[in-house]
Amino acid sequence: MTDHSSESDGESATGSAPSGRVSRRRLLASVTTAVGASAVTGRASASLTGESDGTADIDGTVREEVWVETNVDTDGDGAADRVHVRVSYPERAADEERPPVIAVASPYHGEQTHGDATAAMYYDRSIAPAPDGGSSADGGATTATSEPATLGDPTTAGSSGPAHSPIGGPTAPRRVEQRYLPQGYAVARVSSLGTARSTGCYTAAGPPTVAALESVIDWFNGRATAYDAPEGGAEVAAEWTNGRTGMIGGSALGELANGTATTGVDGLETIVPQSANVGQYGLFRSNGTPVSVVPDASEGMTDIGTWIQASNARRDDCGHWTDRTEAGQDLATGDYNDFWHERTFLDDANAVDCSVLIAHAVDDPIVKPNNAADWYETLAARDVPLKLWLYEGGHRGPAGDAWERTLDRWWAHWLKDEDTGVMDEDPVTVVHGGRSAAEGSMESYGEWPAPTAEPATLRFESGGATSGAVTTGEPGSVTESLVDDPSTPATDLVAAEESPHRLRYETPPLAESVHVSGRVVPSLSLSLDEPTVVSVALVEYGPYSADVVTRGWADPLNRPSYRDYDTPLAYRQSLRESAPLPDDGRVRAEFPLQATDHVFEADSRIGVIVYASDSEFTLHPPGNRAVALSLADSGVDLPVAGGEAALAGAFADESVDTPTATDSEPSTDATATVGADTESPTATADDTAASTVATDGDATANGTTSADGPGFGVGAALAALGGVGGLLRKSDGDD
């Protein structure tokens with residue numbers, strides 16, 4: 001491990017540190033930026049002074065737009081779909097060495113996007129998980145009580161769902177151009193199938209869209225045909241490039257890069273997916289249950305069918321994609337199935353024949369961090385040349401000089417064969433406290449999770465209605481219950497000193513910091529009268545804050561058993577079937593929360609919150625359903641650097657003075673109770689009040705964010721998926 005916490009990273013913090021009850025971690029994810037998208041056209045001409053796309057200050061830039069013919073026909077008109085590509089390259093490329101290409105593929109270059117969904121396109125969220133099948137194992141009736149609403153019925157769609165706005169637009173490739181055209185690269189802006197000026201239908205990174213992007217790489221390498229018009233037209237060859245291609249993008253743009261890599265297309269040398277998912281199941285589902293893409297408590301829920309219908313609303317002959325999605329997505333159960341399987345990139349990881357630099361925020365509430373963890377684990381097992389860059393800051397890209405230097409050297413190594421030394425360094429970088437080292441600290445590792453991380457099993461003692469203790473020894477022998485309340489935000493459940501709607505367990509104040517790296521895995525023995533969702537949150541309790549570090553959601557009807565499977569794909573395959581509750585209602589649910597890398601500070605407490613539905617993310621089952629937890633048969637595996645010994649060693653030997661601590665002391669026996677009868681410092685509902693964000697360098701660069709970390713509520717306007725965002729340092733001063 002290499003510690004870079006003392007390095008300046010070439011940045012200096014600006015502004016004063018936030019004060020009050022809102023923690024720094026929560027504030028880091030609080031900036032929301034939305035930039036409209038528009039199409040920009042330019043056929044094979046030198047850039048002119050005053051041009052609106054921002055490349056006017058780059059001398060000798062040539063631009064060209066083409067339509068690459070693909071091998072798919074998504075609109076069924078009998079003609080092959082064409083993908084619109086706009087390229088910018090140095091004028092000297094025609095006479096000197098032809099440059100490689102950095103491509104930015106996006107569904108957000110046009111006016112019509114999935115952000116234009118209407119209320120009629122959302123689903124009724126007030127439903128309960130349903131078993132897959134009509135009867136129980138003993139022939140009894142199922143316990144499902146409701147079915148989901150379908151698209152296009154405004155009377156059953158609930159209230160309007162979360163607002164989605166495309167970000168980045170022409171700004172994203174513009175910034176790539178500004179940085180990399182002067183360094184001798186060509187830059188390509190690619191509109192994915194059925195978006196902007198590309199023909200065909202929007203499939204939300206479905207197989208046809210991925211296949212169409214493969215054709216674009218083929219065109220760069222002289223194996224496909226492009227024209228100067230969307231229909232007919234004259235052929236255009238890519239004579240200005242040597243064909244070596246890298247792809248970069250945040251969110252949906254990174255998803256397209258991931259998908260293109262799974263085709264194994266020759267000429268794609270590297271990809272840099274940032275805040276990107278690895279197929280749609282990890283975006284719309286979690287451990288067998290539907291989840292909202294963004295933190296949003298409205299009763300109109302977005303699903304993949306919403307996106308496809310909204311994005312194709314202005315396209316003739318594309319309604320059949322809505323029908324196909326409606327039939328395949330299965331909102332009633334949330335099970336993994338063939339529809340989702342054909343849209344996962346994990347199954348095709350064996351075909352990846354390029355290097356991959358993954359960047360992801362561990363507190364991203366939109367593209368959840370398990371996407372990056374699944375991708376990294378899958379590719380690492382296949383010996384793909386790989387780097388992982390983790391940081392904090394919500395749904396945005398990384399920032400800082402260290403990141404930019406790494407990215408510059410990454411491109412030069414993989415696209416220009418330059419010996420930059422980038423592959424001789426530790427392959428994993430983790431930034432704690434922000435998006436750049438200047439905001440916190442930066443460490444590097446030979447692998448991830450951190451090599452010293454080992455599971456430390458935490459068990460619960462009674463008292464969860466207020467604040468039960470955590471133990472590394474024998475757990476309590478009782479059963480504790482909660483009553484679901486979908487109307488109560490998880491932040492309120494976490495902060496409440498007492499609540500019938502959640503069970504809260506926590507450690508005493510820590511005598512020293514505790515580093516958690518990897519996947520937190522609760523294993524819960526539950527009793528349910530009726531089907532409902534189960535949720536778990538890992539919380540850092542500070543003197544004046546209650547900070548959700550990570551959380552996860554599962555459908556107990558799928559009987560998730562995460563530890564039984566060797567790969568992320570195998571675990572997903574296990575979620576293909578859900579079953580009715582047995583007569584006694586007892587089920588076990590073992591599932592991963594969203595992957596994290598977090599340091600709990602000294603004097604804080606580690607808390608585990610068990611609750612049912614999550615108002616911001618899950619379905620809202622009706623009827624305030626009861627959930628019972630058997631303490632004797634439940635626990636949580638916490639991946640701690642140094643393992644259980646390090647965790648036990650961090651427990652304070654005596655009570656720590658805090659503003660709300662009592663005089664009682666926790667046990668000093670490391671294998672006995674590690675909780676205390678102390679009153680934990682607890683945030684109140686007012687703790688989430690808005691506060692000024694202290695930023696440094698590019699902390700406010702473009703990108704989508706949540707109002708808080710994973711699971712914290714969004715502000716009024718939430719910029720949704722898309723855009724390279726803050727992936728590169730701003731050189732034009734724009735936000």
Side-chain angles (χ1 to χ4, degrees), residues 122-137 140-151 153 155-159 161 281 284-292 296-306 326 329-337 340 481-490 493 500-503 524 526-536 551-560 575-589 591 610-629:
Y122 295 106
Y123 295 84
D124 183 1
R125 197 173 188 174
S126 299
I127 63 172
D132 183 13
S135 62
S136 62
T142 72
T143 53
T145 59
S146 57
E147 292 293 330
T150 58
L151 283 174
D153 184 356
T155 64
T156 58
S159 60
Y281 190 83
F284 295 100
R285 301 289 184 270
S286 177
N287 302 301
T289 189
V291 292
S292 176
D296 178 82
S298 66
E299 292 305 318
M301 189 175 191
T302 300
D303 207 64
I304 189 172
T306 310
E326 188 81 337
Q329 65 186 352
D330 187 9
L331 187 66
T333 70
D335 293 351
Y336 191 77
N337 58 25
W340 296 112
S481 299
L482 63 94
V483 177
D484 184 27
D485 181 8
S487 67
T488 301
L493 298 178
H501 305 305
R502 59 94 178 115
L503 299 173
L524 307 178
L526 305 168
S527 294
L528 309 175
D529 292 333
E530 298 177 279
T532 191
V533 184
V534 62
S535 305
V536 175
R551 64 172 104 176
W553 318 270
D555 182 356
L557 298 182
N558 285 94
R559 317 301 199 264
L575 302 173
R576 280 182 172 268
E577 294 183 2
S578 53
L581 293 171
D583 290 341
D584 61 4
R586 297 188 63 180
V587 292
R588 173 166 290 280
F591 58 95
V610 179
Y611 54 114
S613 59
D614 189 312
S615 64
E616 295 173 308
F617 284 104
T618 69
L619 301 174
H620 296 169
N624 289 19
R625 303 180 177 203
V627 177
L629 176 71

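Quick caveat: nothing in here was measured; it's all calculated off a predicted structure.
Distance check, rounded to the nearest 0.5 Å: CE of Met301 to CD1 of Ile127 gives 8.0 Å. The OH atom of Tyr336 sits 15.5 Å away from the OG atom of Ser578 when rounded to the nearest 0.5 Å. To the nearest 0.5 Å, atoms OG1 (Thr618) and CZ (Arg125) are separated by 6.5 Å. Here the OG1-CZ distance, from Thr333 to Arg285, works out to 7.5 Å after rounding to the nearest 0.5 Å. Of the inter-residue distances, the one linking Leu493 atom CG with Tyr611 atom OH reads 7.0 Å to the nearest 0.5 angstrom. Separation of atoms CG (Asn624) and OG (Ser487) is listed at 7.0 Å; rounding is to 0.5 Å.
In terms of heavy atoms, Ala589 sits closest to Leu526 at CB-CD1, 4.3 Å. The two atoms that bring Pro489 and Ser615 nearest to each other are CA-OG, 3.2 Å, heavy atoms only. Pairing each heavy atom of Pro621 with each of Pro486, the nearest pair is O-CG, 3.7 Å.
Between the side chain of Arg559 and the backbone N or O of Leu557 there is at least one donor-acceptor pair closer than 3.5 Å. Side-chain N or O atoms of Ser535 include one that pairs as donor or acceptor with a backbone N or O of Ala612 at under 3.5 Å. Using modelled atom types, no side-chain atom of Asn558 and backbone atom of Pro560 make a donor-acceptor pair closer than 3.5 Å. Listed for the Ser286 side chain is a donor-acceptor partner under 3.5 Å among the backbone atoms of Trp553. A side-chain donor-acceptor contact under 3.5 Å links Thr306 to the backbone of Asp303.
With a 4.5 Å cut-off on side-chain heavy atoms, Pro582 and Val587 count as touching. Pro290 is listed as a side-chain neighbour of Leu619, based on a closest heavy-atom distance under 4.5 Å. Side-chain contact between Asp335 and Arg576: absent, with no pair of heavy atoms (C-beta onward) separated by less than 4.5 Å. You'll find the side chain of Phe591 reaches within 4.5 Å of the side chain of Val536, heavy atoms only. Side-chain atoms of Leu575 and Tyr281, non-hydrogen and from C-beta on, do get closer than 4.5 Å to each other. When side chains are defined from C-beta on, Pro531 does not count as touching Pro556, because their heavy atoms never get closer than 4.5 Å. Between Glu299 and His620 there is a side-chain heavy-atom pair separated by less than 4.5 Å.
A donor-acceptor pair shorter than 3.5 Å can be found between the side chains of Gln329 and Tyr123. Side-chain contact, Ser613 with Asp484: a donor N or O sits under 3.5 Å from an acceptor N or O. For the 3.5 Å distance criterion, the side chains of Asp485 and Thr488 qualify, holding a donor opposite an acceptor.
Arg588 CZ: more than 12 foreign heavy atoms inside a 6.0 Å radius.
Across Asp614, Asn287, Leu524, a single residue satisfies side-chain contact (heavy atoms from CB on, under 4.5 Å) together with Val534, and that is Leu524.
Taking the six-membered ring where tryptophan is involved, the planes of Trp340 and Phe284 are tilted, since the angle between them lies from 30° to 60°.
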